[in-house]
**Student:** 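Pasting in a structure now, in structure tokens, and then I'll have a few things to ask.
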Amino acid sequence: MAEELLEILTREGLITEVEAEKVRLEQRRTGEPTKTILINLKLLTEEQIAETVARQLRIPYVELDHYIIERKALEAVTEKMARESLVIPLYQLGDTVVIAVADPFNIYAVDEIQSRRGGDVLVTVATESAIRRSIEHYYRVTDSVRDVVKSLESSRVGAPVAEVEKISEEERLAQEPPVVRLVNLIITQAIRDRASDIHIEPRKEGLCVRFRIDGILRETIKVPPKLQPPVLTRIKILAGMNIAEKRLPQDGHIEVERDGKEIDLRVATYPTTLGEKVVMRVLYRGGIRLGLSQLGFEPEMLQKFQKIVLQPYGMILSTGPTGCGKTTTLYAALDTINTPEKNILTIEDPVEYELELVNQSQVNPKAGLTFATGLRAMFRLDPDIIMVGEIRDLQSAQIAVQAALTGHLVFSSLHTNDAPSTATRLVDMGIEPYLVASTLLCSLSQRLVRVLCSECKEQYEATDYDKGILGVPLEEKVILYTARGCKHCNQTGYYGRTGIFEMMVLDETIRRLIVSKATTSAIREAAVAAGMVTLRQAGIRKALAGITSLSEVMRVIGEESAMY
């Protein structure tokens with residue numbers, strides 16, 4: 001098949017004989033598919049290959065991203081077959097089904113579909129990436145979830161269970177295959193949708209399942225009231241919780257594996273008037289996913305931050321609200337300076353990513369291991385670099401400052417609205433101003449904004465209201481971008497998130513202001529005068545660059561922050 005592809009491309013004049021031979025040698029050396037090698041060597045694009053093959057074989061070429069697939073046609077091909085053979089059905093006409101394939105030479109997939117259905121199969125060609133996107137969009141697990149719910153509803157009609165048998169009955173139902181499959185499907189869909197959290201909430205009409213995707217909660221499915229007890233019990237069994245306890249909050253975790261990745265679900269229950277609410281935080285373990293250069297730093301700010309993390313001692317604080325990416329930034333910073341020559345210790349709650357060569361520990365209040373006790377113990381372990389998951393109280397703040405004073409580099413996070421507030425917050429906690437001024441190297445405040453989908457974002461000319469936010473004259477023409485929505489981004493207009501940062505590097509002026517207990521506004525003015533880019537400015541720059549929308553920036557930073 002590989003040789004036929006090369007012959008077609010050579011005959012069409014898209015590659016030369018020399019280039020074809022180069023591809024053959026690379027294929028024998030690496031074992032990679034010919035198509036992948038052609039793209040990696042930048043000889044051809046995926047679209048060029050697909051269009052040429054389709055033209056040579058006299059088969060229609062389909063741009064799937066602009067094609068609406070009939071749901072009924074999906075029954076002709078199972079999800080497993082679609083993923084394994086990279087094929088997706090487009091529509092059905094009588095006994096004939098039209099399919100799109102990435103590899104038209106794969107006659108076995110066509111024969112299998114034909115023998116499975118009994119009717120005719122017409123073949124079209126599409127790119128591999130477009131087929132994968134369509135599979136993710138159309139073969140959604142939520143459809144299977146609804147089927148499972150229907151089957152459960154029909155099988156659950158019967159006499160009510162006596163109160164004394166309720167717990168044992170719930171546990172029995174929770175172990176039945178349909179309930180097991182339902183919970184598995186919910187978790188699988190959350191992972192596929194890149195959800196950071198799964199919310200399962202009791203309501204009068206039953207359980208509502210919502211996923212937090214790119215920072216926004218979205219409702220996915222609803223589970224009928226009669227299925228609420230076995231579903232919640234199943235989750236509590238998996239998380240190692242007490243299924244009989246429903247009046248108090250509980251914590252647990254579930255370990256799952258998907259596509260070779262280890263995933264840890266941190267499960268928390270909370271009693272409400274309508275029943276127990278469950279939230280599962282999805283943590284992708286086994287390594288750093290992002291480096292400093294991938295977090296969204298502007299080049300100049302990134303260069304400054306990289307120099308600061310190379311300092312031998314001092315304190316670097318990442319600040320912002322919960323869920324703004326503070327921990328990810330700290331991990332990326334640690335990964336930058338992580339070498340065998342350094343002894344790095346952490347105390348976290350929880351350990352979100354596993355880092356090689358780093359000694360990571362998780363707080364355990366029940367056993368007496370808190371941030372403060374863990375920090376104290378670290379001093380006896382000859383550390384070079386210390387990371388404290390969060391400075392929560394005066395005790396942990398004092399020990400962190402002491403570590404920075406005694407020749408250690410300390411990373412930690414703090415809940416403040418902006419970078420200049422960090423020094424004021426530490427002083428308010430009870431740290432002496434001169435200690436803050438002498439140990440704090442920099443304060444980094446951050447937020448996460450959603451990234452506009454590259455497939456469907458649209459340009460528009462800024463309105464007068466937009467120009468007021470941007471601070472530009474009304475007569476000036478400014479181009480901004482807005483979200484539209486397509487299959488690639490699941491009709492949201494956004495795909496993924498990036499950071500906007502405000503970094504305050506301490507100089508002599510700022511240190512004198514901290515020692516004199518100056519106000520946050522005075523510290524902010526001095527930082528801006530020294531070149532600090534505010535959150536507002538960082539967000540506007542990303543909006544003007546087309547990375548995100550202005551409305552998304554305003555949603556994240558709020559009106560108050562937009563003033564600075």
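On a predicted model such as this, the values are computed, not experimentally measured, just so you know.
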**Student:** Measure the spacing between CE of Met280 and NE2 of His253 and express it to the nearest 0.5 Å.
**Tutor:**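 These two atoms lie 13.5 Å from each other.
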**Student:** Are there over 12 heavy-atom neighbours, none belonging to Lys22, within less than 6.0 Å of that residue's NZ?
**Tutor:**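 No.
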**Student:** Between the side chain of Thr36 and the main-chain N/O of Glu32, is any donor-acceptor distance below 3.5 Å?
**Tutor:**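 Side chain of Thr36 to backbone of Glu32: no pair is present.
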**Student:** Run the side chain to side chain contact (heavy atoms under 4.5 Å, CB included) check on Leu357 and Ile344 step by step: do they pass?
**Tutor:** CA-CA 8 Å; Leu357 304 177; Ile344 304 176; over 6 Å; no
**Student:** Any idea which heavy atoms bring Ala332 and Leu295 closest together, and the distance?
**Tutor:**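 Smallest heavy-atom distance, with atoms named: CB-CD1, 3.9 Å.
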**Student:** Kindly say whether Val62 contributes a backbone atom to a donor-acceptor pair with the side chain of Thr124 at under 3.5 angstrom?
**Tutor:**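 A pair under 3.5 Å: no.
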**Student:** For the pair Glu390 and Lys326, find out whether any cationic side-chain nitrogen is under 4.0 Å from an anionic carboxylate oxygen.
**Tutor:**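 No, no charged N to carboxylate O under 4.0 Å.
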**Student:** Return the CG to NZ distance between Leu550 and Lys542, rounded to the nearest 0.5 Å.
**Tutor:**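 Taking CG in Leu550 and NZ in Lys542, the distance rounds to 14.0 Å.
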**Student:** Search all heavy atoms of Gly546 against all heavy atoms of Leu452 and return the closest pair with its distance.
**Tutor:**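 In terms of heavy atoms, the two residues are closest at O-CD1, 3.8 Å.
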**Student:** Would you compute the distance between atom CD1 of Ile263 and atom CG of Leu265 and round it to the nearest 0.5 angstrom?
**Tutor:**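 With rounding to 0.5 Å, CD1 (Ile263) is 7.5 Å from CG (Leu265).
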**Student:** Cation-pi between Arg194 and Phe211: NZ/CZ under 6.0 Å from ring centre and within 45° of the ring axis?
**Tutor:**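 No, Arg194 does not sit over the ring of Phe211.
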**Student:** Verify the distance criterion only: is there a donor paired with an acceptor across the side chains of Tyr494 and Ser549 at less than 3.5 Å?
**Tutor:**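 Note: Tyr494 and Ser549 side chains meet the donor-acceptor criterion.
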**Student:** Could you tell me which non-hydrogen atom of Cys324 sits nearest to which non-hydrogen atom of Pro321, and how far apart they are?
**Tutor:**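 Smallest heavy-atom distance, with atoms named: SG-O, 3.1 Å.
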**Student:** Tell me, with the steps shown, if Ile385 and Phe411 meet side chain to side chain contact (heavy atoms under 4.5 Å, CB included).
**Tutor:** CA-CA 8 Å; Ile385 299 166; Phe411 292 88; 3.7 Å; yes
**Student:** Check for a donor-acceptor pair, side chain of Asp103 on one end and backbone N or O of Phe105 on the other, with a separation under 3.5 Å.
**Tutor:**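 Such a contact is found between Asp103 side chain and Phe105 backbone.
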**Student:** Looking at Asn417 and Ser445, what are the two nearest heavy atoms and their distance?
**Tutor:**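 Residues Asn417 and Ser445, closest heavy atoms: O-OG, 3.6 Å.
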**Student:** Is there side-chain contact between Ile500 and Ile557, with heavy atoms separated by less than 4.5 Å?
**Tutor:**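 Of all side-chain heavy-atom pairs linking Ile557 with Ile500, at least one is under 4.5 Å.
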**Student:** Going by an N to O cut-off under 4.0 Å, is there a salt bridge joining Arg541 and Glu298?
**Tutor:**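 Yes, this pair counts.
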**Student:** Using a strict 4.0 Å threshold on nitrogen-to-oxygen distance, state whether Arg210 and Glu219 make a salt bridge.
**Tutor:**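 Salt bridge absent between Arg210 and Glu219.
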**Student:** Side chain to side chain contact (heavy atoms under 4.5 Å, CB included), that's the test. Do Ile386 and Leu409 meet it? Break it down for me.
**Tutor:** CA-CA 6 Å; Ile386 293 171; Leu409 185 61; over 6 Å; no
**Student:** Report yes or no: does Thr220 contribute a side-chain atom to a donor-acceptor pair with the main-chain N or O of Val209 at less than 3.5 Å?
**Tutor:**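 Yes, because the side chain of Thr220 sits within donor-acceptor range (under 3.5 Å) of the backbone of Val209.
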**Student:** So which atom in Asp507 and which in Ala530 form the shortest heavy-atom distance, rounded to 0.1 Å?
**Tutor:**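 Here Asp507 and Ala530 meet closest at OD2-CB, 3.7 Å.
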**Student:** For Gln56, I'd like to know if atom CD has over 12 heavy atoms of other residues, nucleotides or ligands within 6.0 Å.
**Tutor:**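 Atom CD in Gln56 is crowded, with more than 12 foreign heavy atoms closer than 6.0 Å.
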**Student:** May I ask you to test the Met387-Leu330 pair for a side-chain heavy-atom distance under 4.5 Å?
**Tutor:**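 Counting from C-beta outward, Met387 and Leu330 do come under 4.5 Å.
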**Student:** Is there a donor-acceptor contact under 3.5 Å linking the side chains of Ser129 and Glu46?
**Tutor:**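 A pair is found: one side chain offers a donor N or O, the other an acceptor, under 3.5 Å apart.
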**Student:** Is it the case that atom CD in Glu300 sees more than 12 heavy atoms from other parts of the structure closer than 6.0 Å?
**Tutor:**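 Counting other residues, nucleotides and ligands, CD of Glu300 stays at 12 neighbours or fewer.
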**Student:** Looking at Gln537 and Thr534, would you say the former's side chain and the latter's main chain have a donor-acceptor pair under 3.5 Å?
**Tutor:**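 Checking the backbone N and O of Thr534 against the side chain of Gln537, a donor-acceptor pair under 3.5 Å is found.
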**Student:** Are Tyr460 and Tyr481 close enough, and set up right, to give a ring pair (Phe, Tyr, Trp, His ring centres under 6.0 Å), and what steps lead you there?
**Tutor:** CA-CA 6 Å; Tyr460 75 96; Tyr481 299 80; 8.2 Å; no
**Student:** Just wondering, do Asn359 and Leu345 contact through their side chains at under 4.5 Å, heavy atoms?
**Tutor:**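 Yes; the side chains approach each other to less than 4.5 Å.
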**Student:** Compare all side-chain heavy atoms of Ile186 with those of Ile198 and state whether any distance is below 4.5 angstrom.
**Tutor:**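 Yes. Closest side-chain heavy atoms under 4.5 Å.
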**Student:** Between Ser413 (side chain only) and Ser318 (backbone N and O only), is there a donor and an acceptor less than 3.5 Å apart?
**Tutor:**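 Checked: no pair found.
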**Student:** Can you tell me how far apart CD (Glu348) and OG (Ser412) are? Round to the nearest 0.5 Å.
**Tutor:**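 The distance works out to 10.5 Å.
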**Student:** Find out whether Val556 and Thr548 are in side-chain contact, i.e. whether some heavy atom of one side chain is under 4.5 Å from a heavy atom of the other.
**Tutor:**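 The answer is no, as the side chains (C-beta and beyond) never meet within the 4.5 Å cut-off.
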**Student:** Treating Thr96 as the side-chain partner and Gln92 as the backbone partner, does any N or O pair qualify as donor plus acceptor under 3.5 Å?
**Tutor:**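 No, the answer is negative, given that no donor and acceptor are paired below the 3.5 Å cut-off.
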**Student:** Under a 4.0 Å threshold between the charged nitrogen and the carboxylate oxygen, would Lys35 count as salt-bridged to Glu47?
**Tutor:**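 No, this pair does not count.
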**Student:** Kindly indicate whether the side chain of Leu5, heavy atoms from C-beta on, has any atom under 4.5 Å from the side chain of Val53.
**Tutor:**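 In contact.
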**Student:** Do Glu51 and Arg55 meet the salt-bridge criterion of a basic N to acidic O distance under 4.0 Å?
**Tutor:**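 Salt bridge: no.
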**Student:** Distance-only, no hydrogens or angles: does the Gln360 side chain make a donor-acceptor pair with backbone N or O of Val351 under 3.5 Å?
**Tutor:**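 Such a contact is absent between Gln360 side chain and Val351 backbone.
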**Student:** Under 3.5 Å, is there a donor-acceptor pair linking the side chains of Tyr313 and Asp384?
**Tutor:**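 Absent: no donor and acceptor within the cut-off.
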**Student:** Kindly say whether Glu112 contributes a backbone atom to a donor-acceptor pair with the side chain of Ser115 at under 3.5 angstrom?
**Tutor:**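 Between the backbone of Glu112 and the side chain of Ser115 there is a qualifying donor-acceptor contact (under 3.5 Å).
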**Student:** Is the shortest side-chain N to carboxylate O distance from Glu128 to Arg132 below 4.0 Å?
**Tutor:**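 Answer for the salt bridge query: yes.
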**Student:** Identify whether the distance between the nearest side-chain nitrogen and carboxylate oxygen of Glu19 and Lys42 falls below 4.0 Å.
**Tutor:**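 No, this pair does not count.
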**Student:** Do NZ/NE/NH1/NH2 and the carboxylate oxygens of Arg450 and Asp214 come within less than 4.0 Å?
**Tutor:**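 Judged by the 4.0 Å cut-off on N to carboxylate O distance, Arg450 and Asp214 do not form a salt bridge.
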**Student:** I'd like to know whether Ile37 forms a side chain to side chain contact (heavy atoms under 4.5 Å, CB included) with Thr30, so could you lay out the CA-CA distance, the side-chain angles of the two residues, the decisive distance to 0.1 Å, and finally the verdict.
**Tutor:** CA-CA 9 Å; Ile37 295 171; Thr30 63; 4.1 Å; yes
**Student:** How long is the span from the CD1 atom in Ile135 to the CD1 atom in Ile69, to the nearest 0.5 Å?
**Tutor:**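 Ile135 CD1 to Ile69 CD1: 9.0 Å, rounded to 0.5 Å.
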**Student:** When rounded to the nearest 0.5 angstrom, what distance separates CE in Met504 from CG in Leu317?
**Tutor:**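 Reported to 0.5 Å precision, the distance equals 9.5 Å.
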**Student:** Would you find more than 12 non-hydrogen atoms of other residues, nucleotides or ligands less than 6.0 Å from Ile216 atom CD1?
**Tutor:**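 Yes, enclosed.
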**Student:** Look only at the side chain of Asn338 and the backbone of Leu355, and say whether a donor-acceptor pair between them is shorter than 3.5 Å.
**Tutor:**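 The answer is no, because no donor-acceptor pair under 3.5 Å joins these two groups.
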**Student:** Quick check: closest heavy atoms across Val123 and Val110, and the distance to 0.1 Å?
**Tutor:**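 Reported closest heavy-atom pair: CG2-CG2, 3.9 Å.
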**Student:** Can you list the steps and then say if Thr10 with Glu17 is a side-chain hydrogen bond (donor to acceptor under 3.5 Å, both in side chains)?
**Tutor:** CA-CA 7 Å; Thr10 306; Glu17 287 290 352; 4.8 Å; no
